[in-house]
Amino acid sequence: MTYAHITGWGKALPEKILTNDDISKLVDTNDEWIRSRTGIRERRIAADEESSATLAVDASLRALEVANLNAFDLDLVIVASSSPEHIFPATASIVQDGIGAINAGAFDILAACTGFVFAVNMAAQAIKSGSMQSVLVVGAETLSRFVDWTDRNTCILFGDGAGAFVLQASEEPGGVFSGVMHSDGSGADLLSIPAGGSKEPVSEITLAEGNHYIQMEGKGVFKFATRVMASATKEALEKSGLEAEDLSLVIPHQANTRIIEAAARGLKLPMDKFMVNLDKYGNTSTASVPIATVEAVESGRLNRGDKIAFVAFGGGLSWGALTAEWTGPYPIERKVPQKRYLFLAKVRSVLLRALRVVEGMLWGHYGRDRKL
Ligand code: COA
């Protein structure tokens with residue numbers, strides 16, 4: 001039997017910090033209100049030269065470093081993002097090129113903040129079925145670019161960042177045990193970016209109405225989230241034959257401390273079994289679960305052999321959970337040091353681009369002179 005182990009993890013966060021006090025200079029709010037209603041103290045905001053893909057590349061390279069793996073060995077790159085680089089091409093394609101995953105297929109998953117948990121579940125299924133050996137899953141966001149900085153209902157909540165996992169096949173028991181995925185499109189209007197897609201392409205009207213920004217019915221999302229966090233985790237536990245008490249740690253989507261507290265009550269677990277770091281980063285959507293995981297490892301709260309659950313909810317509406325046994329990095333010898341590999345991959349990418357330009361010129365020339 002093949003198991004899907006999480007063998008690498010990485011995070012990337014912009015340097016710029018935006019505190020609640022900073023936001024109170026933009027809209028009518030204050031630090032006390034934001035902290036007591038959400039738990040958030042500050043969030044990170046991407047610099048002009050950063051984007052979802054650049055953050056994703058940084059987090060991915062760190063994850064590959066931990067896994068002791070070269071991107072050459074990846075079979076698949078999945079990026080989950082609520083703020084992708086473009087409508088198309090997929091952010092995953094840009095990441096695939098950026099890390100030199102020359103043998104990997106690459107695609108994006110869109111399930112709002114649940115996207116990373118869904119993507120890890122899909123990656124684990126691909127590995128367990130025997131069709132893939134190594135898969136990179138990334139959650140990457142620059143939601144600050146889609147926030148209306150005059151809307152106090154939403155601009156206090158979101159932050160930028162990226163997190164990544166490497167999943168690898170092994171015959172050793174462990175890794176991702178079970179996953180559950182749920183959606184309820186009847187609640188699609190509760191949280192959305194209405195314009196910019198095919199239904200409402202960006203126009204002067206959509207810009208004037210601010211429909212290219214995140215729109216949210218906060219109370220509705222809050223009620224939904226408090227309902228599904230515990231139920232999804234219970235479902236995933238049941239599927240893997242585990243009890244809530246078996247869990248060393250729950251790593252939930254970092255949206256609001258009150259939502260996580262409701263999940264803890266629903267699961268009858270103390271809050272110290274939950275990883276919470278939303279005070280520092282706000283809601284980083286798909287990136288929140290992997291960033292929290294990396295910080296759990298760094299702070300010694302997540303260790304080899306621990307039974308854990310990941311749980312997330314988001315727009316769609318969507319929600320899902322996973323249970324896993326934490327593996328830690330495998331003691332594999334890296335074939336080529338990452339820096340050297342990356343240099344060679346960059347040279348290859350530049351040569352391919354140049355070749356495409358030359359090819360285009362030649363074909364253009366040929367096309368002009370060609371007599372049919
Ligand atoms: N600062 C100060 N006051 C604010 C405010 C802000 N940033 N935002 C809203 N208010 C005001 C409202 O206008 C309202 O005033 P009123 O009573 O005079 O009308 C009052 O505070 C209460 O607003 P309400 O929306 O009922 O607050 P709430 O307790 O529901 O908290 C959220 C708002 C957004 C924090 C909360 O609903 C929430 O976290 N929802 C889930 C959002 C989420 O997680 N989204 C991402 C999902 S992935």
Side-chain angles (χ1 to χ4, degrees), residues 18-43 80-83 109-119 139-144 146-161 163 181-185 187-194 213-230 232-233 251-264 274 276-279 281-292 310-321:
L18 191 73
T19 64
N20 291 345
D21 283 339
D22 294 332
I23 293 188
S24 71
K25 290 175 192 128
L26 304 173
V27 290
D28 180 15
T29 189
N30 57 73
D31 177 53
E32 203 284 324
W33 194 97
I34 303 174
R35 267 191 299 112
S36 61
R37 302 284 175 124
T38 69
I40 300 166
R41 288 169 186 273
E42 56 189 43
R43 65 290 291 144
S81 182
S82 310
S83 48
I109 272 187
L110 176 53
C113 303
T114 322
F116 186 81
V117 165
F118 279 10
E141 303 291 354
T142 37
L143 277 169
S144 62
F146 298 90
V147 158
D148 178 354
W149 291 102
T150 64
D151 175 13
R152 69 178 183 174
N153 288 306
T154 52
C155 76
I156 58 165
L157 298 176
F158 299 100
D160 300 338
M181 299 165 64
H182 291 292
S183 293
D184 174 9
D189 291 346
L190 289 180
L191 183 53
S192 67
I193 298 178
Y213 291 130
I214 296 170
Q215 316 234 326
M216 187 184 72
E217 209 274 272
K219 269 209 186 324
V221 176
F222 189 90
K223 271 191 221 147
F224 145 73
T226 51
R227 208 178 58 237
V228 299
M229 290 279 267
T233 313
I251 302 181
H253 173 43
Q254 308 286 313
N256 186 316
T257 319
R258 292 189 291 143
I259 293 174
I260 298 175
E261 283 165 355
F274 285 74
V276 182
N277 65 352
L278 62 88
D279 53 321
Y281 308 125
N283 179 346
T284 55
S285 189
T286 58
S288 87
V289 164
I291 291 173
F310 302 101
V311 56
F313 66 91
L317 300 166
S318 58
W319 65 103

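Note that ligands are numbered from 1 as they come in the structure, with each ligand's atoms numbered from 1 the same way. As the structure is a computational prediction, the values presented were derived from the model and not from experiment.
Ion pairing between Arg152 and Asp28 holds under the 4.0 Å rule for side-chain N and carboxylate O.
Taking NZ of Lys25 as the reference point, atom OG1 of Thr19 lies at 6.5 Å (rounded to 0.5 Å). In this structure, CH2 on Trp319 lies 13.0 Å from CE on Met229, to the nearest 0.5 angstrom. Between the CD1 atom of Ile291 and the OG1 atom of Thr284 there is a distance of 4.0 Å, given to the nearest 0.5 Å.
A centroid separation of 6.0 Å or more is found between the aromatic rings of Tyr213 and Trp149.
Only the side chain of Leu191 comes within 4.0 Å of ligand 1, judged by heavy-atom distances. Contacts of Thr38 with ligand 1, taken as heavy-atom pairs under 4.0 Å, involve the side chain alone. Contacts of Phe222 with ligand 1, taken as heavy-atom pairs under 4.0 Å, involve both backbone and side chain. Heavy atoms of Asn283 found under 4.0 angstrom from ligand 1 belong exclusively to the side chain.
Residue-ligand proximity, Phe313 to ligand 1, at heavy-atom distances under 4.0 Å covers atoms 47 (C), 48 (S). Atoms of ligand 1 lying under 4.0 Å from at least one heavy atom of Lys219, given by number and element, are 24 (P), 26 (O), 28 (P), 30 (O), 37 (O). Taking a cut-off of under 4.0 Å to the non-hydrogen atoms of Cys113, the atoms of ligand 1 that pass are 48 (S). Shown in contact with Arg258 at under 4.0 Å from a heavy atom are these atoms of ligand 1, numbered in order with element: 29 (O), 31 (O). Atoms of ligand 1 lying under 4.0 Å from at least one heavy atom of Asn153, given by number and element, are 8 (N), 9 (C). Numbered from 1 in the order shown, with element, the atoms of ligand 1 that lie under 4.0 Å from a heavy atom of Asn256 read 38 (C), 39 (O).
Checking Arg37, Glu217, Lys223 against atom 29 (O) of ligand 1, the nearest heavy atom belongs to Arg37. Of the candidates Ala255, Ser285, Gly220, Ala255 brings a heavy atom nearest to atom 44 (O) of ligand 1.
Polar contact check, Arg152 against ligand 1: a nitrogen or oxygen pair lies under 3.5 Å apart. Residue Thr29 has at least one nitrogen or oxygen atom sitting less than 3.5 Å from a nitrogen or oxygen atom of ligand 1, judged on distance alone.
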